[in-house]
*Asks:* 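Dropping the structure in here first, questions after.
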Amino acid sequence: MTSPLQQKIKITGPSVITANRTIDGVVIYRTAQSGWSTDLADAAIVREAEPARALLAAASADDVGAVGAYIAPVEIAADGAIRPGNLREKIRRDGVTIALPVQA
């Protein structure tokens with residue numbers, strides 16, 4: 001398997017680095033201050049391959065706090081709000097897409 005850092009990175013628009021927090025599996029986003037946040041609005045936005053590669057390398061090195069880091073597309077609304085750029089990221093941020101049975 002080829003490491004994400006060795007793959008050719010193609011950025012077609014604004015993107016962020018996302019992963020899952022190791023302690024509880026929560027979706028997290030890499031910040032410009034080299035930390036992690038559960039809020040997409042705090043994520044560092046990259047628009048070119050080289051900054052994306054550098055941010056991904058730093059995020060991947062943090063294998064204690066986060067796992068499975070990768071580049072994910074985002075959309076920036078006219079009001080500046082950051083939104084997931086595809087269905088997968090929307091589901092990861094918002095949770096399941098079906099109603100779960102109620103436990104008695």
*Asks:* To check you understand the geometry: which heavy-atom pair defines the closest contact between Ile28 and Gly65, and what is its length?
*Replies:*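 Minimum heavy-atom separation between Ile28 and Gly65: CD1-O, 4.1 Å.
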*Asks:* Going by the rule salt bridge (charged side-chain N to carboxylate O under 4.0 Å, His left out), which residues pair with Asp39 if we only count those two or more places apart in sequence or in a different chain?
*Replies:*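 In terms of salt bridge (charged side-chain N to carboxylate O under 4.0 Å, His left out), with neighbours along the sequence ignored, Asp39 is linked to no residue.
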*Asks:* Count I, L, V, M, F, W, Y as connected when their side-chain heavy atoms are under 4.5 Å apart, and connections chain through other members. Are Ile82 and Ile71 then in the same cluster?
*Replies:*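 In one cluster: no.
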*Asks:* Of all heavy-atom pairs between Arg30 and Gly35, which one has the smallest distance, and what is that distance?
*Replies:*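 Closest heavy-atom pair between Arg30 and Gly35: CD-O, 3.3 Å.
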*Asks:* I need the minimum non-hydrogen distance between Ala19 and Ala66, along with the two atoms involved.
*Replies:*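 Heavy atoms of Ala19 and Ala66 come nearest at CB-CB, 4.0 Å.
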*Asks:* Do Ile45 and Ser15 make a side-chain contact, defined as non-hydrogen atoms from C-beta onward lying under 4.5 Å apart?
*Replies:*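 No - every pair of side-chain heavy atoms lies 4.5 Å or more apart.
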*Asks:* So, for Ala52 and Ile11, which heavy atoms are closest and what is the spacing to 0.1 Å?
*Replies:*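 Residues Ala52 and Ile11, closest heavy atoms: CB-CD1, 3.8 Å.
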*Asks:* Which atom pair, heavy atoms only, marks the closest approach of Ala77 to Arg83?
*Replies:*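 Nearest heavy atoms, Ala77 then Arg83: CB-NH1, 3.1 Å.
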*Asks:* Salt bridge (charged side-chain N to carboxylate O under 4.0 Å, His left out) with Glu48: which residues, sequence neighbours excluded?
*Replies:*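 For Glu48, no residue satisfies salt bridge (charged side-chain N to carboxylate O under 4.0 Å, His left out) once neighbours in sequence are set aside.
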*Asks:* Does Ser60 reach the side chain of Leu56, with side-chain heavy atoms less than 4.5 Å apart?
*Replies:*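 Yes, side chains in contact.
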*Asks:* Verify the distance criterion only: is there a donor paired with an acceptor across the side chains of Trp36 and Asp42 at less than 3.5 Å?
*Replies:*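 There is no such pair (donor and acceptor under 3.5 Å, judged by atom type) between the side chains of Trp36 and Asp42.
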*Asks:* Can you tell me which residue pairs pass the side-chain hydrogen bond (donor to acceptor under 3.5 Å, both in side chains) test with a partner in residues 18-27, sequence neighbours excluded?
*Replies:*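 Listed once each, the pairs are Thr18-Arg92, Asn20-Arg92, Arg21-Asp24.
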*Asks:* Considering all heavy atoms of both residues, which atom of Ala43 and which atom of Val16 are nearest to each other, and what is their separation?
*Replies:*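 Scanning both residues, the minimum pair turns out to be CB-CG1, 3.6 Å.
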*Asks:* CG/Asp62 to CD1/Ile17 distance, rounded to the nearest 0.5 angstrom?
*Replies:*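 These two atoms lie 13.0 Å from each other.
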*Asks:* Working to the nearest 0.5 Å, report the span between CD of Glu89 and OH of Tyr70.
*Replies:*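 Output value for this atom pair is 3.5 Å.
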